[in-house]
Amino acid sequence: MADEKKLTTRAEDFSAWYNELVLRAELADYAPVRGCMVIRPNGYGIWERMQQTLDQMFKDTGHKNAYFPLFIPQSFLQKEAQHVEGFAPETAVVTHGGGKELEEPLIVRPTSETIIYSMFAKWVQSYRDLPVLMNQWANVVRWEMRTRLFLRTLEFLWQEGHTAHASHDEAEEETRKMLGVYRDFMEGWMAMPVVTGQKTESEKFAGALRTYSCEAMMQDNKALQAGTSHNLGQNFAKAFDLKFQSESGAMEYAWNTSWGVSTRMVGGLVMTHSDDKGLVCPPRLAPLELVIVPIYRTDEERSRVLEGANRLKRSLDDWERRAPGRMRGENDARDGMKPGAKYYHWELRGVPLRMELGPRDIEKGQCVIVRRDTGEKASVNLLAIGEEVHERLIVMQDDMLIAARERREKHSVRHAISYDDFKSLMDGEGAFVYAGWCGSAECEAKVKEETKATIRCLPDEEFRSADTPTKCLRCGKASTEEALWARAY
RNA sequence: CGAGAUGUAGCUCAGCCGGUAGAGCACUCGCUUCGGGAGCGAGGAGUCGCACGUUCGAAUCGUGCCAUCUCGACCA
């Protein structure tokens with residue numbers, strides 16, 4: 001059946017489309033444990049590129065990597081009231097080790113604030129020891145009820161930055177700075193535009209003073225929280241006695257921040273760009289930037305074309321503007337598979353550029369380059385092929401961000417909207433709705449109950465509307481804040 | 001944790017009126033093919049989710065369990 005080869009389309013069933021795509025593009029597979037997944041090489045390759053990029057960005061902003069234990073004493077989690085309330089329900093607990101019951105159960109980390117700040121307390125004495133700027137790449141476990149590949153699994157991979165500062169303002173600056181780093185990464189590398197802003201009290205991190213987030217719009221017009229940055233105030237410092245002696249000689253509690261992004265971003269990447277043919281991956285994060293598909297009939301053509309394909313591959317590998325071997329390409333010389341089948345194969349897997357090389361191309365000293373995102377084809381001379389490919393990858397990267405931003409704006413509502421219209425919009429195609437909010441948790445909760453939409457964030461200045469909304473979306477009273485409302489993952 | 005669905009070959013599923021396990025695709029080998037999912041021939045492949053029961057005999061009937069997926073309450 002030809003239909004078996006096609007994905008369920010986004011229009012038919014967005015959720016089914018996503019699941020099928022992740023499985024068939026071999027990004028991940030279901031593991032034998034409920035709610036857990038195996039990240040396969042195609043998916044892990046994307047994660048590795050995300051890691052490498054972010055890791056460098058963290059180092060460029062002065063952070064150093066470290067590693068803290070997977071197990072956290074249960075009593076640690078309980079030291080910060082809000083924190084334990086938020087995380088206790090979703091923790092995995094180890095009660096036995098080496099065949100014996102443990103004296104104190106160990107929590108498998110859902111996040112590492114407690115254990116990290118307990119150690120910071122040991123290392124920090126003076127204001128001269130501050131700031132402490134650390135990051136760790138780790139796995140964490142949160143016992144979720146309902147899971148989805150990449151978007152929500154019991155165990156996931158992430159990065160958690162943890163810092164300690166001498167003042168509130170310095171911690172706040174760090175919190176905002178790292179949110180900016182996330183935004184730069186998401187837009188510049190993932191080609192995924194985000195709205196940054198502050199979380200409401202009810203949505204903020206358990207134990208934080210303030211939480212900021214990056215919110216991206218998926219193709220079903222739902223929001224995905226793609227990264228968070230928290231100003232933890234002195235909450236954890238007080239819980240773990242993280243104190244320092246200030247310049248004036250007084251003992252003061254340190255100010256902490258934490259910030260993280262996870263493998264969830266891979267899911268966001270998929271839902272931002274991909275189409276009914278499969279994954280569309282922005283070039284900068286693509287493990288494979290291009291694939292060469294040789295085309296031939298006879299044995300004579302075969303040897304001639306394969307030789308040309310190898311030569312092409314080498315010229316890309318050796319292209320002077322990138323370090324040797326840095327152009328990430330593959331020559332798909334598999335025999336017994338027709339070119340068309342190879343096209344579908346690589347389209348499903350999201351390779352940005354396909355280069356078709358046949359006898360006619362060889363004669364003319366050219367090849368056909370096809371862009372994955374637009375399907376646009378061009379015949380390109382082989383003499384300056386490195387330049388041509390490089391240029392196309394850059395343009396494609398930029399175009400993808402522009403397209404995603406246009407899509408988001410098209411589905412954003414910035415005019416006054418009645419609550420009834422809002423409800424039907426959320427039940428229908430969905431949107432990012434910028435509307436007023438009276439500031440009460442009651443209205444926020446009611447809207448969630450009645451429409452399943454939540455305040456994703458109180459957007460930062462640059463995302464706010466030209467005409468500031470004056471009334472609360474639900475109660476109609478005077479608005480104190482402009483809020484971004486949407487259904488979310 | 002509530003509701004629904006599904007567990008048979010690597011994948012999608014048929015078989016269910018109990019009586020020796022099937023198809024398509026994929027895979028292996030051979031030949032012919034190759035500018036958008038190739039054709040023919042041969043071949044390999046399954047403790048029918050698990051347990052117990054009914055029966056001369058269970059993929060098929062009964063009971064229980066388990067797992068996964070989807071949808072709801074909680075969340076990066």
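Please read all numbers here as calculations on a predicted model, not as lab measurements. Just so it is clear: chains get the letters A, B, ... in the order the sequence lines come, proteins before strands, and each one is counted from 1.
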Under 4.0 Å between any heavy atoms, over every strand shown, what does [X] touch: base, sugar-phosphate, or nothing? Just pick one.
{"X": "A:Val141", "answer": "nothing"}
{"X": "A:Glu347", "answer": "base"}
{"X": "A:Leu224", "answer": "nothing"}
{"X": "A:Phe156", "answer": "base"}
{"X": "A:Arg302", "answer": "nothing"}
{"X": "A:Arg334", "answer": "nothing"}
{"X": "A:Glu356", "answer": "base"}
{"X": "A:Val293", "answer": "nothing"}
{"X": "A:Pro89", "answer": "nothing"}
{"X": "A:Thr211", "answer": "nothing"}

Looking at the side chain of [X], which of [options] is the nearest nucleotide?
{"X": "A:Lys452", "options": "B:rU68, B:rA73, B:rG37", "value": "B:rA73"}
{"X": "A:Tyr344", "options": "B:rG37, B:rG35, B:rC74", "value": "B:rG37"}
{"X": "A:Lys338", "options": "B:rG35, B:rA76, B:rA67", "value": "B:rG35"}
{"X": "A:Arg142", "options": "B:rA76, B:rG37, B:rC71", "value": "B:rA76"}

Take atom [atom1] of [X] and atom [atom2] of [N], then tell me their distance rounded to the nearest Å.
{"X": "A:Glu20", "N": "B:rC69", "atom1": "CD", "atom2": "P", "value": "15 Å"}
{"X": "A:Arg297", "N": "B:rA38", "atom1": "CZ", "atom2": "C1'", "value": "13 Å"}
{"X": "A:Tyr489", "N": "B:rU70", "atom1": "OH", "atom2": "P", "value": "12 Å"}
{"X": "A:Ile369", "N": "B:rG35", "atom1": "CD1", "atom2": "P", "value": "20 Å"}
{"X": "A:Ile295", "N": "B:rA38", "atom1": "CD1", "atom2": "P", "value": "13 Å"}
{"X": "A:Trp47", "N": "B:rA76", "atom1": "CH2", "atom2": "P", "value": "16 Å"}
{"X": "A:Asp299", "N": "B:rC31", "atom1": "CG", "atom2": "C1'", "value": "13 Å"}
{"X": "A:Glu144", "N": "B:rC69", "atom1": "CD", "atom2": "P", "value": "14 Å"}

On RNA chain B, more 5' by nearest nucleotide between A:Phe150 and A:His345 is A:His345

Taking for each residue the nucleotide of RNA chain B with the nearest heavy atom, is it A:Glu203 or A:Asp335 whose nucleotide lies nearer the 5' end?
A:Asp335

Is the NZ or CZ atom of A:Arg176 both under 6.0 Å from the centre of the six-membered ring of A:Tyr212 and within 45° of that ring's axis?
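Here A:Arg176 passes the 6.0 Å and 45° test against A:Tyr212.
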
Integer angstrom distance from the [atom1] of [N] to that of [M]:
{"N": "B:rA9", "M": "B:rU47", "atom1": "C1'", "value": "14 Å"}
{"N": "B:rG24", "M": "B:rU63", "atom1": "P", "value": "36 Å"}
{"N": "B:rC17", "M": "B:rC61", "atom1": "C1'", "value": "12 Å"}
{"N": "B:rG43", "M": "B:rA51", "atom1": "C1'", "value": "37 Å"}
{"N": "B:rA14", "M": "B:rG30", "atom1": "P", "value": "36 Å"}
{"N": "B:rA73", "M": "B:rG2", "atom1": "P", "value": "16 Å"}
{"N": "B:rA26", "M": "B:rG37", "atom1": "C1'", "value": "13 Å"}
{"N": "B:rG62", "M": "B:rU70", "atom1": "C1'", "value": "28 Å"}

Please determine, for [N], whether a Watson-Crick or G-U wobble partner exists with both distances under 3.5 Å, and give it or none.
{"N": "B:rG62", "result": "B:rC52"}
{"N": "B:rU33", "result": "none"}
{"N": "B:rC74", "result": "none"}
{"N": "B:rG57", "result": "none"}
{"N": "B:rA21", "result": "none"}
{"N": "B:rU68", "result": "B:rA5"}
{"N": "B:rC16", "result": "none"}
{"N": "B:rG46", "result": "none"}

If only side-chain N and O atoms count, and only distance matters, is there a donor-acceptor pair under 3.5 Å linking A:Thr9 with A:Asp276?
no

Could you tell me whether the side chains of A:Asn235 and A:Tyr117 share a donor-acceptor contact shorter than 3.5 Å?
no

With respect to the phosphate group of [N], does any side-chain polar atom (N or O) of [X] fall under 4.0 Å of OP1 or OP2?
{"X": "A:Asn19", "N": "B:rC69", "value": "no"}
{"X": "A:Arg146", "N": "B:rG72", "value": "yes"}
{"X": "A:Ser15", "N": "B:rC71", "value": "yes"}
{"X": "A:Arg34", "N": "B:rA67", "value": "no"}

A:Arg487 CZ to A:Asp220 CG distance, which is reported to the nearest 0.5 Å:
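So the CZ of A:Arg487 and the CG of A:Asp220 are separated by 10.5 Å.
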
side-chain contact (heavy atoms from CB on, under 4.5 Å) with A:Thr114: of A:Met119, A:His83, A:Arg109, only one passes, and it is A:His83

For A:Phe58 and A:Trp259, I'd like to know if the aromatic rings sit close, meaning centre-to-centre distance below 6.0 Å.
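Distance test on ring centres: under 6.0 Å, yes.
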
Are the charged groups of A:Arg474 and A:Glu442 less than 4.0 angstrom apart, N to O?
no

Could you tell me whether the side chain of A:Tyr182 and the main chain of A:Gly260 form a donor-acceptor pair under 3.5 Å?
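Between the backbone of A:Gly260 and the side chain of A:Tyr182 there is a qualifying donor-acceptor contact (under 3.5 Å).
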
Would you mind reporting whether A:Pro287 and A:Ile46 have side-chain heavy atoms less than 4.5 Å apart?
yes

